[in-house]
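Each chain gets a letter, A, B and so on, in the order its sequence line appears, and its residues count up from 1.
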Protein chains: 2
Amino acid sequence: MLLSIDHAAPEPIYLQIRTQVVTAIARGELHPGDRLPSVRALASDLGVNLHTVNKAYALLRDEGYLVMRGRSGARITDPADLHASVGCEVGDERLAASLHQLALEYRARGGTLEEFGHIALQQARQAFEDA
Amino acid sequence: MLLSIDHAAPEPIYLQIRTQVVTAIARGELHPGDRLPSVRALASDLGVNLHTVNKAYALLRDEGYLVMRGRSGARITDPADLHASVGCEVGDERLAASLHQLALEYRARGGTLEEFGHIALQQARQAFEDA
DNA sequence: CATTTGTTATATAGCAGATATAACAAATCA
DNA sequence: TGATTTGTTATATCTGCTATATAACAAATG
């Protein structure tokens with residue numbers, strides 16, 4: 001099972017699915033062109049409703065991570081295409097805004113720029129390690 | 001007016017208030033010991049309900065940014081105290097988790113570690129600039 | 001052409017955000 | 001001391017989002 005759902009978590013189920021798919025792509029567990037389970041099959045496996053999975057797939061499609069084509073189902077987008085696409089630019093803007101806000105909050109708690117930079121690079125290196 | 005509310009934004013009003021107070025602390029627009037408007041006064045100024053402001057203040061208190069004492073009202077915590085407090089450790093854990101997830105999503109979109117580090121440091125420097 | 005795919009349309013139940021009114025304990029000020 | 005202002009709590013209502021359920025649709029496959 002590639003995905004696991006926590007019904008007790010505060011994060012909505014459809015966002016849990018979305019995040020875990022993105023994480024799997026980042027870690028190389030899902031490759032460009034790979035086919036995801038059908039919304040009905042995954043919903044059955046996870047014990048959730050069809051529409052919950054469909055909402056996650058539609059979000060991933062809107063964000064550019066997936067491509068849907070009729071009965072072909074959901075397939076992983078080529079990251080090269082994604083990185084060059086327009087949708088990625090808005091993603092970069094959101095990334096910058098998120099990083100800016102995290103830095104502001106760290107500063108408000110009395111943290112320094114050097115400490116923040118250290119934590120950021122530490123977490124980034126860990127996220128970019130090969131799976 | 002220190003705060004401004006966007007009723008059309010998807011972010012809840014009480015979180016908008018919370019974030020703007022934290023940002024003001026980070027930028028030095030609010031100093032340790034400064035007194036915030038009363039929940040009733042701020043609610044009236046912003047055109048929102050008393051409980052919406054109270055929810056934001058209670059959250060800021062739980063996060064350690066504010067201290068409440070009877071009629072003394074809400075006052076800004078000393079960042080030095082905050083940075084040394086236990087509540088700051090869980091804040092650091094959340095920061096690390098957020099940074100890790102942002103890096104994972106950037107990698108999933110075809111970004112590199114170097115690019116991410118550059119954007120992170122760029123935003124951090126901007127956030128730590130003096131107001 | 002029948003099947004499987006994602007998609008859309010309705011409807012329902014539950015939870016959170018926001019509002020409204022009311023009352024309470026604690027600290028301040030006259 | 002006593003009235004006032006502070007944050008806080010208790011109900012209640014309304015709205016929107018999450019999740020579920022049933023049903024039907026267009027597109028692509030074999």
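Screening residues 32-43 of chain A for salt bridge (charged side-chain N to carboxylate O under 4.0 Å, His left out) gives no qualifying pairs among residues at least two apart or on separate chains. Listed by first and then second residue, the side chain to side chain donor-acceptor pair (under 3.5 Å) pairs that reach into residues 7-20 of chain B are A/Glu105-B/Arg18, B/Arg18-B/Glu63, sequence neighbours excluded.
Legend: residues meeting side chain to side chain contact (heavy atoms under 4.5 Å, CB included) with B/Arg61, ordered by chain and number and at least two apart, are B/Ala58, B/Met68. With sequence neighbours left out, B/Arg71 forms a side chain to side chain contact (heavy atoms under 4.5 Å, CB included) with no residue at all. Listed by chain and number, the residues in a side chain to side chain contact (heavy atoms under 4.5 Å, CB included) with A/Gln122 are A/His118 (sequence neighbours excluded).
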Output one letter per nucleotide in nucleotides 23-30 of chain D: B when a protein non-hydrogen atom lies under 4.0 Å from the base, S when only the sugar-phosphate is that close, - when neither is.
-B---BB-
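At least one side-chain heavy atom of A/Arg125 sits under 4.5 Å from a side-chain heavy atom of B/Leu113. Under the 4.5 Å side-chain criterion, counting only non-hydrogen atoms from C-beta, A/Leu15 is in contact with A/Leu59.
With axes fitted over five pairs at each extremity, the angle between the ends of the helix from C/dC1-D/dG30 to C/dA30-D/dT1 is 30° (10° resolution).
By the 4.5 Å side-chain criterion applied to Ile, Leu, Val, Met, Phe, Trp and Tyr, A/Leu121 is assigned to no cluster and stands alone. With a 4.5 Å cut-off between side-chain heavy atoms of Ile, Leu, Val, Met, Phe, Trp and Tyr, the cluster of B/Leu104 takes in none.
Between B/Thr52 and C/dT19 there is a side-chain N or O to OP1 or OP2 distance below 4.0 Å. Using a 4.0 Å cut-off, no side-chain N or O of B/Lys55 falls inside it from OP1 or OP2 of C/dA18. Distances shorter than 4.0 Å separate none of the side-chain N or O atoms of B/Asn54 from OP1 or OP2 on D/dG7.
Less than 4.0 Å separates DNA chain D from no heavy atom of any residue of residues 8-24 of chain B.
Whole-Å rounding puts the A/Arg75 CZ to C/dT4 P distance at 17 Å. Distance CD1 (A/Ile5) to C1' (D/dT18): 13 Å, rounded to an integer number of Å. Taking atom CG on A/Asn49 and atom P on D/dC17, their separation rounds to 18 Å, with Å as the unit. For A/Leu46 and D/dA19, the CG to P distance is 12 Å, given to the nearest whole Å. The distance from atom CG of B/Leu59 to atom P of D/dT8 is 12 Å, rounded to the nearest whole Å. Rounded to whole Å, atom P of D/dG7 lies 13 Å from atom CG of B/Leu60.
Among D/dG7, D/dA19, C/dT19, the nucleotide with an atom closest to any side-chain atom of B/Tyr57 is D/dG7.
Hydrophobic clustering places A/Ile5 together with A/Val21 (ILVMFWY residues linked when any side-chain heavy atoms are closer than 4.5 Å, directly or through intermediates).
At a threshold of 4.0 angstrom between heavy atoms, the contacts of B/Arg35 are confined to the sugar-phosphate backbone, with no base atom among them.
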Distance-only donor-acceptor pairs under 3.5 Å for side chains of residues 50-57 of chain B, two or more places apart:
from    : atom 1 : to      : atom 2 : distance (Å)
B/His51 : ND1    : B/Asn49 : OD1    : 2.9
B/Tyr57 : OH     : B/Pro37 : O      : 2.7

